[in-house]
Every structure is written in C-alpha cells, then in structure tokens.
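Quick note: numbers below take in every heavy atom, side chains included, and nothing from hydrogens, waters or symmetry partners.
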Amino acid sequence: MTKHTARTLLVIPMKDPKEAKTRLGGSLDRKERSILALSLFEMLVNRIQRVLANRASQEDSVASIDLAVVSASPILKDAAQRLDIRHIPEGPTGGLSAALHHAANQAHALGYQSLCILPGDLADPKPADLSQLIDHAAAGQKAVICPSSDWGTNALLLPLPNPIRFQFGEKSFHNHYRAMAEAGLTPILLPLTSLRLDVDQLDDLRHLSRDHWHLLAKGDGR
C-alpha cells in the first residue's frame, strides 16, 4: 500500500553574495566573500539534491520535497535556474524573518503542507545529517528544530500555514522553541553536528570543506 506524505518545501534564505559575510572582512576580500557565499549555497543545494535522488531511487520512498532559494539577488535567481530549484523573491519588507514569513505564505499558497528552513552558509553539511532532517519531513513530523553552535536556529521544520512568528537573530533557538510549544506543537530537538556549524566568524573558516578552499584559491567566482 502506498503511504502518502505531505508536500514539503525546503527553503534556503540568501543575501546577495556580493554583500554577504562582511564579518569575514579581516580575512577575505569582497570577491572572496562573494565566491565563498555562493559556493556554500551551491554545495548545500547539490548535497540535498543527491540525498533526494537517493531517496527517489528507493521503492518505498514517496516523499515530495522540493527546494527553493529565498532571495532578492539576481545572482541567486540565476543560480536557482541553473540548479533547477524554485526561486522565491523576498517580500516588500526587509530582514531574514520577514523574508521567511513571505516564503511560508508563498509555500502555503502553492499547496505545500510543511516548510523546512536551512541556512545557506553551513560550513560542511554532511549528507547523513541532511538525510536525517529530510527523513523527519518525509515522515510528516510537524515540528523539528536544530540549534546552531551559538544557539541560533540552523534548521526548522514547521506545518503550514505557519503557526509561529519567526525571530531569527542572536540565540533565536530559544525563542523559536518556545514559540512552537506555545503554538501547541511538540518540538523535536535535532542537534545534528554538521548542521550546527555555519560560517559567520573568522574562526568558523576552519570548518570549511577542502572544496571551498580550492575555489577561493582559484578565485572561481561567477
């Protein structure tokens, strides 16, 4: 018997790479920061796509999970087309939380039953960790949260329509966890190691994969 699963839109919010990672300015110049931001995003998308392809090859896999980037950047719009994922323009108001509220509304209007959020600057997300997160979405879990290493929010899975107010920023994990509980959800804490590590500070560069250092050395920007 075929088991039906909810449609999930996995969204990745992104700034324009040219304006990203300003806190790394003491170590990388603007072009290097742009190359890094775009390569982090593309690595994440490629790894998620491989995980989804592996799931699709399994006879009992019926998950419907699509990918989208949320960004006002023409660079990211072009990248979405090249990577064959959906592009959602940011809404009329600025800021990460507002952009994701807009994306949640768009996803609900498109018929998705749940929204999964991942940051585009994960240092080296492992396929096994991405697969665990996707397993929860495919199983119809209603509320999953993964903290970052500094207690921000690095993965969030929610039902649609969105029942909480997004509060991304410093130590947002605590605010999101509390908001989910207050909305009547039972949050599943998913502290996946490689999803806890993003690239914000100079010290975070030590977590980069070898592929990123290779790109920086080549100066391979688009």
Side-chain angles (χ1 to χ4, degrees), residues 4-17 19-20 37 41 44-45 48-49 52 63-122 130 133-148 152-188 190 195 198:
H4 297 283
T5 59
R7 294 178 65 212
T8 300
L9 186 64
L10 195 160
V11 300
I12 305 168
M14 286 289 296
K15 288 183 179 180
D16 190 307
E19 308 300 329
F41 166 72
L44 176 62
V45 171
I48 293 171
Q49 287 177 328
L52 293 176
S64 178
I65 298 173
D66 298 323
L67 267 171
V69 60
V70 183
S71 182
S73 167
I75 295 172
L76 271 299
K77 183 178 181 179
D78 290 345
Q81 184 174 11
R82 176 163 38 83
L83 295 166
D84 195 26
I85 67 173
R86 186 182 293 274
H87 169 252
I88 298 177
E90 291 184 11
T93 56
L96 176 59
S97 294
L100 287 169
H101 275 298
H102 175 70
N105 291 337
Q106 292 293 305
H108 182 55
L110 290 167
Y112 291 95
Q113 285 80 43
S114 60
L115 184 79
C116 185
I117 299 168
L118 273 175
D121 61 351
L122 295 171
L130 293 170
L133 176 65
I134 288 170
D135 282 346
H136 281 75
Q141 298 290 350
K142 296 296 185 183
V144 174
I145 187 167
C146 174
S148 67
T153 305
N154 268 14
L156 198 57
L157 175 64
L158 289 165
L160 292 173
N162 176 30
I164 73 169
R165 182 172 68 87
F166 292 132
Q167 302 176 67
F168 285 92
E170 188 175 353
K171 301 190 185 305
S172 64
F173 165 81
H174 303 290
N175 293 329
H176 286 144
Y177 191 96
R178 182 167 53 250
M180 293 160 82
E182 289 173 353
L185 301 171
T186 304
I188 297 173
L190 203 63
L195 302 192
D198 48 25

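Across every non-hydrogen atom of His101 and Arg165, the tightest pair is CE1-CA, 3.5 Å. Contact record, Met14 with Ser71: O-OG, 2.9 Å, taken as the closest heavy-atom pair. Shortest non-hydrogen contact noted between Pro119 and Asn154 is CD-O, 2.8 Å. Taking all atoms of both residues into account, the shortest heavy-atom contact from Lys15 to Glu19 is CD-O, 4.4 Å. Annotation for Pro147 and Leu190: closest pair CD-O, 4.4 Å, computed over non-hydrogen atoms. For the residue pair Ala107 and Leu160, the shortest heavy atom distance occurs at CB-CD1, 3.7 Å.
Side chains of Pro74 and Asp16 form a contact here, defined as non-hydrogen atoms less than 4.5 Å apart. For the pair Cys146 and Leu133, the minimum side-chain heavy-atom distance is 4.5 Å or more. The shortest side-chain heavy-atom distance between Leu185 and Pro159 falls under the 4.5 Å cut-off. Counting heavy atoms from C-beta on, the side chains of Ile48 and Ile134 come closer than 4.5 Å.
A distance of 8.0 Å separates CG in Leu156 from CG in Leu115, rounded to the nearest 0.5 Å. Note that OG of Ser114 is 9.0 Å distant from CG of Leu158, once rounded to the nearest 0.5 Å. Separating the CZ atom in Phe41 from the CG atom in Leu122 is a distance of 12.0 Å, to the nearest 0.5 Å. With rounding to the nearest 0.5 Å, the separation of NE2 in His102 from CG in Leu100 is 10.5 Å. Annotation: the span from Asn175 atom CG to Glu170 atom CD amounts to 10.5 Å, rounded to 0.5 Å. One distance of note links CD of Gln167 with NZ of Lys171; it measures 15.0 Å at 0.5 Å rounding.
Only one option out of Ile117, Ile88, Leu118, Asp121 pairs with Pro13 in a side-chain contact (heavy atoms from CB on, under 4.5 Å); it is Ile117. Tested against Asp66 for a side-chain contact (heavy atoms from CB on, under 4.5 Å), the candidates Leu52, Thr8, Leu10, Leu9 yield a single pass: Leu9.
Gln113 contributes a side-chain N or O that, together with a main-chain N or O of Gly111, makes up a donor-acceptor pair within less than 3.5 Å. No donor-acceptor pair under 3.5 Å is formed between the side chain of His87 and the backbone N or O of Leu76. In this structure a side-chain-to-backbone donor-acceptor pair under 3.5 Å is present from Gln49 to Leu83. At least one donor-acceptor pair under 3.5 Å links the side chain of Arg7 to the backbone N or O of Leu110.
In this structure, Phe166 and His176 have perpendicular ring planes: the angle between them is above 60°, well past the 30° mark.
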